[in-house]
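All of these numbers come straight from a predicted model, not from anything done at the bench.
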Amino acid sequence: MQLPKRKDVPVELTWDLSAIYNSEDAMQADLEKVRKLADEIERTYKGRLTTAEAILACLDKYGEWMKTLDLMRSWCNLAASVDYGDGALQERDAATARAAAAMGSRLSFIDSEIIAQDEAVLREAVAQGGPGKPYLEDLLRQKPYQLQPETERVLSALRPALGAPYQIYNMAKLADMKFPSFRAAGEEHPLGYSLYEDHYSHEGDTEVRRAAFDAFSAKLREYENVTAAAYQACVQEEKIMADQRGYQSVFDYLLFGQKVSRELYDRQIDLIMEKLAPHMRRYAKLLQKVHGLDKMTYADLKLPVDPGYVPPVSVEGSKKYIVEGLSVMGADYQEMVRTAYRERWVDFAQNQGKSTGGFCASPYGSHSFILLTWHGQMSDVFTLAHELGHAGHFKACNSAQSVFGTGVSSYFVEAPSTMNELLLGHYLLKTNPDKRFRRWVLSNMVGNTYYHNFVTHLLEAAYQREVYKIVDAGGGVQAERLNQLMGETLKKFWGGAVELTEGAELTWMRQPHYYMGLYSYTYSAGLTVATQACKRIEQEGAPAVEDWKRVLSAGGTKTPLELAKMAGVDISTDAPLLDTIETIGGYIDEICRLTEEIG
């Protein structure tokens, strides 16, 4: 189980970044191209963006610069993300980030000059349409919060430094933390970050699982102060920016780009904390019962309901599940999935220094690239279906929209990905009437899809909200306070159903989402939309599928409320969320009933 170094993993399990560039020289050629293009834009348009015609002409060139820069930055960043121990890859990524920031600083005049024009000029440019229309509409919204041009230029130049907290977090987590082995059940066991998250947290042997949690937590605690310092720097920078730009609160600042209200944000957290908690406590007690545990601890929450029914799945075997499971989306969508396997869009490998979890990057002008770590379990299949949901989403919107129209609100962006998980789960339920198989599928949906999005990430969001309340009031947060806030959040949700053993309070150290603004809550928001839209597909078939495809193509040209409405879901009320919570409760009811019947 000792993870290999990146150079030693089979190439067929790695992604093929040559779809973007086949050499360092090719990337460097594009770097030179964007530098020259930045020079041209600055020379031609700086001080001249006073008419709708000039603005639109400038945005045409700016869009070209953005597309090329996106490819260049993606290539460097993706290579770095699979091996944080490779100093050369890290420096190349950092160097291109510095170059991008320097160019962005010089081109910050575009926003400043456009926003400085009379609103009538901007509206004339919007009325003329064209690729830059979504960008101009966003600038109109941003107008009240824009700073002086020189200030904006300096802030743009400082972007790499302002992003340092996230980089520090990743380096501490993925490069510096060296986990010693631990002893349990009479044997020595190797330990690593991804080994714990992806293996030991699901381990069936209680002694090994709990010992792994203790050893993992002990190593995290050694880094709690530096991690807290990085997080403190991140949230304080966000608070400073909110104040300087004139937002009423840091929440308003962070929600502005999502194009949703504070009401939608608070509702998502408050209702789930109140209404879902009783269902999940019952699920935790079920796990305790079926596993014969003396007590239910925090280290036991990711156990499968039926540990004896976990058929292994190979990478190749997963393709059949996903292609058939997503057949309702049509032949073109299925072919995208096949192409992703055939052309190595996915990095499946397990290796030292690789980023944990999973993500999908979709640079404009190329296909998507998916990172995950394959362990041969059905949970991996659901994860891959999830990330392919992002790939399908951005394939659709990148094809239908200009580079300016692909900035989908994070409130909605997890809907297409979680939709795929639901479609896969519903497909599996139809393939086999056996009760044990049905319970296994339902427990995958509850224990992976809904648990991941409605519990793991939602609890992050509830904790994160408390942090921002402190910061918004002028306070600060250190490791001890962060531990307290996380512990209180977990206690509120799990009540007396789960014993929060020492180390549970360190959960705030285990996810990168805190460095991405108010992102954690959007997983449950997206899954709420997906659950309701999926019900429409189940009931109505083709018309609902076509509506969903139009949603995917709309990209960032619509707000989350508009996108949801296109899919037949009204998120202006709490009805979709309440129904989704009851759906989860219904799945848990059926799992409990099937468990009694199976015995």
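- At most 12 non-hydrogen atoms from other residues, nucleotides or ligands lie less than 6.0 angstrom from NZ of K565.
- No side-chain donor from either of E421 and T418 sits under 3.5 Å from a side-chain acceptor of the other.
- Of the residues R262, K275, R465, the one that meets the salt bridge (charged side-chain N to carboxylate O under 4.0 Å, His left out) test with D270 is R465.
- Counted within 6.0 Å of CD on E263, heavy atoms from surrounding residues, nucleotides or ligands total 12 or fewer; the atom is thus considered open.
- Considering D306, D589, D434 in turn, D306 is the only one that fulfils the salt bridge (charged side-chain N to carboxylate O under 4.0 Å, His left out) rule with R439.
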Task: Candidate pair Y200 and H202, rule ring pair (Phe, Tyr, Trp, His ring centres under 6.0 Å), full reasoning - done: CA-CA 5 Å; Y200 289 118; H202 307 273; over 10 Å; no
Open item on the list: Between D380 and T383, is the side chain to side chain donor-acceptor pair (under 3.5 Å) condition met? List the steps.
Closed with: CA-CA 5 Å; D380 299 327; T383 299; 5.2 Å; no
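- Note that CD1 of I571 is 4.5 Å distant from CG of L561, once rounded to the nearest 0.5 Å.
- In this structure, OG on S524 lies 10.0 Å from CG on L459, to the nearest 0.5 angstrom.
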Task: Verdict with supporting geometry, E596 and K289, salt bridge (charged side-chain N to carboxylate O under 4.0 Å, His left out) - done: CA-CA 11 Å; E596 291 297 321; K289 179 180 178 182; 2.8 Å; yes
Open item on the list: Using the rule given for salt bridge (charged side-chain N to carboxylate O under 4.0 Å, His left out), can you reason through R245 versus D252, listing the C-alpha separation, both sets of side-chain angles and the distance that settles it, and then say yes or no?
Closed with: CA-CA 11 Å; R245 291 193 179 278; D252 294 322; over 6 Å; no
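- Below 30°, between 30° and 60°, or above 60°: for Y587 and Y450 the angle between ring planes is between 30° and 60°, a tilted geometry.
- No side-chain heavy atom of K491 sits less than 4.5 Å from a side-chain heavy atom of E505.
- A 6.0 Å sphere centred on NZ of K469 holds more than 12 heavy atoms belonging to other residues, nucleotides or ligands.
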- [ ] Just do the salt bridge (charged side-chain N to carboxylate O under 4.0 Å, His left out) check on D70 and K67 with the steps written out, would you?
- [x] CA-CA 5 Å; D70 190 21; K67 287 186 284 188; over 6 Å; no
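- Under the ring pair (Phe, Tyr, Trp, His ring centres under 6.0 Å) test applied with H513, the options Y523, W508, Y521 reduce to a single match, Y523.
- Few gaps surround CD on E540; more than 12 heavy atoms of other groups in view lie less than 6.0 Å from it.
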- [ ] Starting from the C-alpha separation in whole Å, work towards a yes-or-no answer on salt bridge (charged side-chain N to carboxylate O under 4.0 Å, His left out) for R342 and E335.
- [x] CA-CA 10 Å; R342 185 172 59 247; E335 182 56 28; 3.2 Å; yes
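- Among Y514, Y468, Y166, the single residue meeting the ring pair (Phe, Tyr, Trp, His ring centres under 6.0 Å) criterion with Y231 is Y514.
- Nearest approach of H452 to T456, heavy atoms of both residues: O-CB, 3.4 Å.
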